[in-house]
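Written below as structure tokens is the structure these notes are about.
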There are 2 protein chains.
Amino acid sequence: MATIRDVAREAGVSIATVSRVFNQTALVTDATAQHVRTVASRLDYWPNSAARSLITHRTHAIGVLLPDLYGEFFSEVIRGIDMAARREKYQVLVSSSRANAETIVAAVRALRGRIDGLIVMAPDADATAAIGDFAARFPVLLLNPGATAIEVGALSIANHEGAYAAVRHLIDLGHRRIAMVMGPSGNLDAGERNAGYRQARADAGIAHLPELELAGDFSESSGFQAAEALMRIRPRPTAVFAANDYMAIGLISALRDADVRVPQDLALVGFDDIAIAQYLSPMLTTVRVDACELGERAMQRLLPFARTRRPAEPHRETLPTTLIVRHSCGAQTPANGATVGSRHRPRGTRHLDDRTSAVRDGGAPGEV
Amino acid sequence: MATIRDVAREAGVSIATVSRVFNQTALVTDATAQHVRTVASRLDYWPNSAARSLITHRTHAIGVLLPDLYGEFFSEVIRGIDMAARREKYQVLVSSSRANAETIVAAVRALRGRIDGLIVMAPDADATAAIGDFAARFPVLLLNPGATAIEVGALSIANHEGAYAAVRHLIDLGHRRIAMVMGPSGNLDAGERNAGYRQARADAGIAHLPELELAGDFSESSGFQAAEALMRIRPRPTAVFAANDYMAIGLISALRDADVRVPQDLALVGFDDIAIAQYLSPMLTTVRVDACELGERAMQRLLPFARTRRPAEPHRETLPTTLIVRHSCGAQTPANGATVGSRHRPRGTRHLDDRTSAVRDGGAPGEV
DNA sequence: TTGTAAGCGTTATCAG
DNA sequence: CTGATAACGCTTACAA
């Protein structure tokens, strides 16, 4: 591997000049610059990043710390992060850890010195706390940290608003006995979605009924199991809000087995709008979260701080969600909506003021 | 940030000794070692990885180059890679690129000097070729490179065998007019799955019919569209093999809209066994690929070479696939298989000799 | 506009 | 077993 010295010697200049050419710093004659570049590419020279970062204290890499929970949501977030990183010529170092504080701290330590900034997806409350003091002296951006007191840069999803819109939609359709399948306890997104559910009930004057809140952990199988619990409730709920789409899928599957028709016997709304939501039967009404954009935005927010390696401002930002009305909620019947054209994924209109808007997907005749 | 000098001074030893303690190299008295460690942790010292890799020429990082196509399969592979990396204390640098040779070379260049080894998921043929000469002088492991002539370390999936088993299964159920929804042209996995399909037909004495091979690109929507083409074929096929599960989902959705019953009117088999395959209606018969294990194994294979930074041996290895028989193929009727217990995901028995085995999922009464 | 030279924080090679 | 000291490949004052 050629070094800066080889290039300098071969080009008949000093190593400082070569360095300048590769950093487009200081004034260098176009002629010499061109010459140096030619020699460099002939020698297949590329600056050694270790040597460079040893002196500049910059790595041009961003760390991404994920929970070991995976799935479409996370992979979309990474995709967004990667897209933004590539645009800005930054590398992405991914690392997963269990959500507990201990492993998070260990993961952060392992990343130390290798990154200029860190994006942490910490869906648990204690994980957020664990990262706190680190964030005070290093550029860190938290994804979905909930409403904790710690002062950190953060980006979250309008979970509360999204859930509120979903449940409100069910209420508007005439439902009163509306159950909810919860996410993992301790998970902040899940908690906020539950709060939105409760708020919507309260605002409609529907009493809080703890027995309508069924356990779940965001997995298909937990949705499947929740359906069994659901069917034992008397009087049986007429609608259910699942804290994510995967559980909604499990629910649909179990309900079908039990000959409970969706939406006729039980209306259903999910959360996330994963890619296959529109291919389910019935097509799933859900709250769209643009996970890819979340990742991109996180990178955008973090980069200015990463470049200067100063702690990120403790500013919080919330990404809007969109209620996507399909068939599982009963607002539209499968009969009039099943066309090929209805399978596209409209991006919907984003209203940044009210953080949850609604679009109708696949319903209106001629909408194709 | 404390440096090795600070620790040395504070501990009253030389920097060489501190270095030795942190590399558990050479003999150091337990007493001094202990003392140094204490001082180091008090100063919150951690070796600077840039300085370290500048002299050792090791980064303790592995690069992962992905196609920009994402989805459950890729995220599972990354998860496997990450698990193995964490075990071995290696970092993972992910980077995506379009599959074409040009962007791949650019991505590799950007990674140069930052990694000790590279895992490339290059589902396209020309991408594989692009990586060839780089692999001759650097530890590279290709995932699913197809049967190209280049001598590289590679890990692939038993695509041919899996597809063969799927189609053979349909033939054994009495089907003769079996269509296939293809993957993207140029995609090597897709090509091998098609070859398996053709081979199974040929071995059963069924003539090759080009019109039964429908275009697709691995997306749900392409499966949806393929269904329309499928239904125009006369005489209509009685079974269809989809090159992946996402397309199978699109197919199911379109067929339901057209009132074509699966499996009664049309039997269906997919490929990949994504998590929700067992929650579809009907439950999807498919060929399981353990994407997570693929990632883990890739890391295992690559690491010995990464440690020495010598090019990987041009050894090829194929991971077995398993036919998972559920309802969409018609071998089992939904009536007798729909129990809660059937929703677990049995790992199946792996027969390493014949690279595709079969398991029955959710059928046998009492299997729960 | 270009060159010289002093580090950056380690590890590795020798002596002791 | 421990300590000097020379690299590693680069950036960046400071000089010319």
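Throughout, a chain's letter reflects where its sequence line sits, starting with A, and its residues are numbered from 1.
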Check every strand shown and say whether B:Y45 touches a base, only sugar-phosphate, or nothing at a heavy-atom separation below 4.0 Å. sugar-phosphate
Which one, C:dT11, C:dG3, D:dC1, comes nearest to the side chain of B:T29? D:dC1
Can you tell me how far P of C:dG7 sits from CZ of B:R5, to the nearest Å? 11 Å
Round to the nearest Å and state the distance from B:N48 atom CG to D:dG9 atom P. 16 Å
Listed nucleotide nearest any side-chain atom of B:R20, set C:dC14, C:dT4, C:dA12: C:dC14
Consider the side chain of A:R52, meaning its heavy atoms from C-beta on, and name the nucleotide among D:dG3, D:dC10, C:dT2 that approaches it most closely. D:dC10
Taken to the nearest whole Å, CG/B:N23 to P/C:dT13 is 13 Å
For atom NE2 of B:H60 and atom P of C:dT10, their distance in whole Å: 15 Å
How many whole angstroms separate atom CZ of A:F22 from atom P of D:dT12? 15 Å
Would you check if the side chain of B:D116 reaches a backbone N or O of B:R58 as a donor-acceptor pair within less than 3.5 Å? no
Is a donor on one side and an acceptor on the other found under 3.5 Å between the side chain of B:S53 and the backbone of B:S49? yes
Give B:T32 one of three labels, base, sugar-phosphate or nothing, depending on what nucleic acid heavy atoms sit under 4.0 Å from its own. sugar-phosphate
Of the options C:dC8, C:dT11, D:dG3, whose atoms approach the side-chain atoms of B:I4 most closely? C:dT11
Rounded to whole Å, please give me the gap between CG in B:D30 and P in D:dT2. 10 Å
Between the main-chain N or O of B:R310 and the side-chain N or O of B:R137, is there a donor-acceptor pair closer than 3.5 Å? no
Nearest-angstrom distance from the residue atom CZ of B:R58 to C1' of C:dG9: 19 Å
Would you say A:T17 reaches C:dG3's phosphate, i.e. side-chain N/O to OP1/OP2 under 4.0 Å? yes
If you look at every strand shown and take non-hydrogen atoms under 4.0 Å, does A:S19 touch a base, only sugar-phosphate, or nothing? base
Checking the side chain of B:Q300 only, and the main-chain atoms of B:G295 only, is there a donor and an acceptor separated by less than 3.5 Å? no
Could you say whether A:L54 or B:S14 is positioned toward the 5' end of DNA chain D, judged by the nucleotide with the nearest heavy atom to each? B:S14
In this structure, how many angstroms lie between the C1' atom of D:dG9 and the CD1 atom of A:I15, rounded? 8 Å
Report the nucleotide, chosen from C:dC14, C:dG9, C:dT2, that has the shortest atom-to-atom distance to any side-chain atom of B:A51. C:dG9
For A:H315, is there any backbone N or O sitting under 3.5 Å from a side-chain donor or acceptor partner on A:R301? yes
Out of D:dG3, C:dG3, D:dG9, whichever nucleotide has its closest atom nearest the side chain of B:H57: D:dG9
